[in-house]
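Below: the structure, in structure tokens.
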Amino acid sequence: HLYGVGVGPGDPELITIRAAKLIKNADVIAYHSGTAGRSIARTIADPLISEGAIEELLIYPVTTGLIDHPLGYYGAVDDFYHESADRLSKHLGVGRDVVVLAEGDPLFYSSYMYLHDRLSPHFPSEIVPGVTSLTAAATALRRPLARHEDVLTVLPGTLPVPELARRLADTDAAAIMKLGRTFAGVREALRQSGRLADALYVERATTGEQRTMPAS
């Protein structure tokens, strides 16, 4: 079986009972990381991973920017997903249960989705939801995401600044994901849309390094 298991936003105590059981009993534990090889999902699940589990670290070949690939960044990432699926299919093909750890939820801005697309047609699969950084951030701020008939818009910070500003100006409530190197552009979009004064920033929600402050 293939399992896409959400491990939540950072606090290991937010892992569900179902997810914990699957992680403890997995033959193979797989997880993604950036080019540095550090996996947040692996760190969250560490207390539950058995010594006998086979671990598969799936390291992205690139993050963003220019790359020497005929189809650019998305071509390189697509190749990476195919190679990762091939690696995991070898375990599934000999009868091993494979748990893919997903920071947050497996179906919300998660790398697991692309493995699921490639592997679930060929092997039994199950998805275990997890607490998202979106809800964790709202909890850290002790602020509701939306009330009554409010429209909540979830936006990637990687959008061009004019498009991000347009969408921010056209919704009741908004959550912006994927910050990091995009943060300067996100703040500019907040300024252009008139939302900067009210915007709040949350970093590493639910962990010991959690910080909240005005986005300005």
Side-chain angles (χ1 to χ4, degrees), residues 4-16 19 32-34 38-41 43-44 60 62-65 72-74 77 81 101-117 127-216:
V5 174
V7 296
D11 183 351
E13 292 190 358
L14 293 178
I15 295 175
T16 65
H32 293 82
S33 82
R38 294 188 298 271
S39 170
I40 294 175
T43 301
I44 297 169
Y60 276 91
V62 292
T63 49
T64 59
Y73 169 79
Y74 288 105
V77 170
Y81 288 133
L101 304 177
E103 185 182 357
D105 182 89
L107 298 181
F108 186 66
Y109 289 120
S110 167
S111 298
Y112 171 74
M113 296 180 290
Y114 306 100
L115 297 176
H116 185 84
D117 292 343
I127 298 171
V128 180
V131 176
T132 68
S133 60
L134 175 62
T135 51
T139 301
L141 294 169
R142 302 168 70 94
R143 296 277 293 271
L145 287 167
R147 297 176 185 268
H148 302 298
E149 287 75 42
D150 284 352
V151 174
L152 171 65
T153 302
V154 181
L155 299 163
T158 50
L159 287 175
V161 169
E163 178 66 6
L164 189 57
R166 181 187 71 79
R167 290 175 179 266
L168 285 168
D170 193 37
T171 191
D172 301 312
I176 307 174
M177 316 286 292
K178 300 185 179 183
L179 299 178
R181 71 183 69 194
T182 69
F183 191 61
V186 167
R187 281 209 305 187
E188 175 59 20
L190 287 166
R191 187 192 67 78
Q192 291 182 17
S193 63
R195 315 288 298 249
L196 182 58
D198 297 325
L200 297 168
Y201 170 81
V202 183
E203 178 177 292
R204 297 184 173 90
T206 77
T207 74
E209 299 175 318
Q210 173 179 296
R211 294 197 300 165
T212 65
M213 66 191 74
S216 59

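One is the number of the first residue; the rest follow in order along the sequence. As the structure is a prediction and not an experimental result, all values here were calculated from the model.
Aromatic ring pairs are classed by plane angle as parallel below 30°, tilted from 30° to 60° and perpendicular above 60°; the pair Y114 and Y81 is parallel.
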Only distances under 3.5 Å count here; give the side-chain donor-acceptor pairs of residues 184-196 to other protein atoms, sequence neighbours excluded, each with its distance to 0.1 Å.
| from | atom 1 | to | atom 2 | distance (Å) |
| --- | --- | --- | --- | --- |
| R187 | NH1 | S216 | O | 3.2 |
| E188 | OE1 | R191 | NE | 3.0 |
| E188 | OE2 | R191 | NE | 3.4 |
| E188 | OE2 | R191 | NH2 | 2.6 |
| E188 | OE2 | Q192 | NE2 | 2.8 |
| S193 | OG | A189 | O | 3.0 |
| S193 | OG | L190 | O | 3.1 |
| R195 | NH1 | L168 | O | 2.4 |
| R195 | NH1 | T171 | O | 3.0 |
| R195 | NH2 | D172 | O | 3.2 |

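Across all their heavy atoms, A136 and P9 have their closest contact at CB-CG, 3.6 Å. Shortest non-hydrogen contact noted between G6 and P106 is N-CG, 3.4 Å. Heavy atoms only, all atoms of each residue included: G130 and D105 are closest at N-OD1, 3.0 Å. Taking each heavy atom of T212 and A140 in turn, the nearest pair found is CG2-CB, 4.2 Å. Looking at every heavy atom in both residues, A137 comes nearest to A205 through N-CB, 4.0 Å. For V5 against A19, the heavy-atom pair with the smallest separation is CG1-CB, 3.3 Å.
Note that the OG1 atom of T158 and the CG atom of L179 stand 10.0 Å from one another [nearest 0.5 Å]. Taken from OG in S111 to CG in L101, the straight-line distance is 12.0 Å, to the nearest 0.5 Å. Taken from CG in L159 to CZ in R167, the straight-line distance is 6.5 Å, to the nearest 0.5 Å. One distance of note links CZ of F183 with CD1 of I176; it measures 8.5 Å at 0.5 Å rounding. Here T135 contributes atom OG1 and L145 contributes atom CG; the two are 7.5 Å apart, rounded to the nearest 0.5 Å. Atoms OG and NZ, from S133 and K178 in turn, are 11.0 Å apart once rounded to the nearest 0.5 Å.
Not a single ring pair (Phe, Tyr, Trp, His ring centres under 6.0 Å) links Y109 to another residue, sequence neighbours left out.
At distances below 3.5 Å, at least one donor-acceptor pair connects side-chain atoms of S39 with backbone N or O atoms of H32. Of the possible polar contacts, one joining the T206 side chain to the D11 backbone as a donor-acceptor pair under 3.5 Å is found.
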May I have the step-by-step check of side-chain contact (heavy atoms from CB on, under 4.5 Å) for I127 and Y112, ending in yes or no? CA-CA 10 Å; I127 298 171; Y112 171 74; 3.9 Å; yes
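The environment of R143 atom CZ is sparse: at most 12 non-hydrogen atoms of other residues, nucleotides or ligands sit within 6.0 angstrom.
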